[in-house]
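A short worksheet on the structure shown next.
Letters go in sequence order (proteins before strands), and every chain restarts at 1.
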Amino acid sequence: MKALQKAAASKADTKRRKPATSAAPAQRRAEKAPKNVVSMKVAITHPDRIVYPAMEITKSEVAEYYAAVAPWLLREAMRRPLSIVRCPGEIEKACFFQKHEESSLGDAVHSAKIKEKNRKTARYLYIDSPRGLVQLAQMNAIELHVWGATIDDPDHCDRLVFDLDPGAGVAWKRIAAAARDVRAALKKTQLQSWLRVSGGKGLHVVVPLRPAAEWNAAHAFAEMLARTLAAQSPQNYVAVAGEKNRENRIFIDYLRNARGATSIANYSLRARDHAGVALPIGWEELRRISSADAFTLHDVPGLLKRRRRDPWQDIGKIEQALPAQPS
DNA sequence: GGTGCTA
DNA sequence: TAGCACCAACGCGGA
DNA sequence: TCCGCG
């Protein structure tokens with residue numbers, strides 16, 4: 001997350017979308033009143049507040065977006081502990097992370113007790129309904145990040161994630177090739193994987209595990225695979241976070257595979273100027289797209305209506321486990 | 001965005 | 001009751 | 001231990 005500045009946006013900064021024509025007083029009153037998101041009965045306050053200045057996207061458009069993609073989004077994100085990025089002002093101006101329960105988020109935004117590393121327990125957010133998702137939008141949640149585990153079994157990883165994060169100057173072709181390389185390496189260990197564009201710069205390769213794995217094993221396996229690829233192709237890949245010499249290379253980020261770590265949820269918006277979406281795609285689609293932020297708030301609801309089949313349809317059906325650790 | 005304290 | 005301050009994560013690795 | 005990153 002590039003700009004999670006705490007700097008409070010001053011009230012004067014709050015922009016509203018101007019009505020297309022000069023509004024009659026009655027209309028103006030109607031604009032000011034909270035809008036309900038159709039069929040979800042969630043009141044959206046400040047519906048015309050601009051959230052994405054570059055795209056002139058308003059808060060109510062964000063809420064309508066989440067209402068539209070809710071069934072798809074929930075398929076993977078439901079009942080997983082969430083970290084949300086809330087932007088009460090404009091994106092990249094005053095956003096903050098939240099992962100713990102707050103009673104005022106809405107009656108359909110739930111929380112589950114989960115043990116933290118320090119042995120204490122805390123209540124983590126989760127949702128299991130479209131209504132909960134829209135209530136999060138009302139609370140200015142823009143990005144949703146999820147654990148690779150569910151609240152029902154937080155100690156086991158059922159989704160392994162490789163985040164391919166390109167350094168400066170890496171062409172799209174090489175990012176796409178990296179995803180295929182990760183897929184091929186996984187296939188060698190009999191693991192099938194699924195793909196999504198992050199909505200930002202990179203691609204995510206996701207591996208379902210059923211039965212779910214111990215976090216230690218998941219992390220160790222992911223690290224080994226990332227380091228192996230980096231050793232085989234050091235001109236293309238690095239497996240070390242934050243390395244300055246990432247320039248012209250792709251960081252294979254395996255660090256999401258730790259208990260408590262999160263990755264962007266499918267269909268989540270990104271809090272970046274172009275309103276990109278983290279979209280699951282089929283492997284065969286990879287050659288037809290030209291960037292990881294090719295899909296936006298404006299495209300995705302229509303695209304979902306046209307989609308015959310969910311590219312991740314079978315991710316929850318397949319039974320596959322990590323290979324036995326070489327001893 | 002919501003809460004709770006203060007003037 | 002209007003205004004205001006304050007709150008809303010965390011773990012990792014490198015320096 | 002602090003800082004930057006994601």
Taking dG6(D) as the reference, what is the distance to dC7(C) when you measure between their P atoms (whole Å, please)? 27 Å

Taking only the C1' atom of each, what is the distance from dG11(C) to dG1(B) in whole angstrom? 28 Å

With rounding to the closest Å, how many angstrom separate the P atoms on dA9(C) and dT3(B)? 16 Å

I'd like to know if the side chain of Q98(A) and the backbone of S83(A) have a donor-acceptor N/O pair within less than 3.5 Å. no

Atom pair distance, as rounded to whole Å: CZ in F96(A) and C1' in dG6(D): 18 Å

Measure CG/L82(A) against C1'/dC10(C) and give the value in whole Å, please. 16 Å

Of the listed nucleotides dG6(D), dG13(C), dG1(B), the one nearest the side chain of D165(A): dG6(D)

Parallel, tilted or perpendicular: which describes the rings of H110(A) and Y126(A), with under 30° parallel and over 60° perpendicular? tilted

Start at the 5' end of DNA chain C and walk down; is the nucleotide closest to T262(A) or to A241(A) reached first? T262(A)

So does L186(A) get a backbone contact from the side chain of T189(A), meaning a donor-acceptor N/O pair under 3.5 Å? yes

Out of dA9(C), dG1(B), dC12(C), which has the shortest distance to the side chain of R86(A)? dG1(B)

Against the side chain of Q98(A), the closest entry in dG6(D), dA8(C), dG1(B) is dA8(C)

Residue P88(A), side-chain heavy atoms: nucleotide from dA9(C), dG1(B), dG13(C) that is nearest: dG1(B)

Can you classify the ring geometry of F97(A) versus H145(A) as parallel (below 30°), tilted (30 to 60°) or perpendicular (above 60°)? tilted

Can you measure E90(A) atom CD to dG1(B) atom C1' for me and round it to whole angstrom units? 16 Å

Hey, does K59(A) reach any base, or is it just sugar-phosphate, or nothing, if we go heavy atoms under 4.0 Å? sugar-phosphate

Does S83(A) reach a base, just sugar-phosphate, or nothing at all? Heavy atoms under 4.0 Å. nothing

How many whole angstroms separate atom CH2 of W215(A) from atom C1' of dG11(C)? 14 Å

Whole angstrom value for the distance that separates C1' of dA9(C) from CZ of R123(A): 18 Å

What distance do E56(A) atom CD and D48(A) atom CG have between them, rounded to the nearest 0.5 Å? 11.5 Å

Could you tell me how far dG4(B) sits from dA8(C) if I compare only their C1' atoms? Round to whole Å. 15 Å

Separation of atom CZ in R259(A) from atom P in dG11(C), rounded to whole Å: 11 Å

Distance check: side-chain N/O of R49(A) vs OP1/OP2 of dG1(B), anything under 4.0 Å? yes

With respect to the phosphate group of dA8(C), does any side-chain polar atom (N or O) of H100(A) fall under 4.0 Å of OP1 or OP2? no

To the nearest Å, give me how far apart CE (M139(A)) and C1' (dC7(C)) are. 11 Å

Quick note, D253(A) side chain, CB onward, closest among dC10(C), dG6(D), dG14(C) is dG6(D)

Atom NZ of K120(A) and atom C1' of dA9(C): how far apart are they, to the nearest Å? 14 Å

Between Y66(A) (side chain only) and I142(A) (backbone N and O only), is there a donor and an acceptor less than 3.5 Å apart? yes

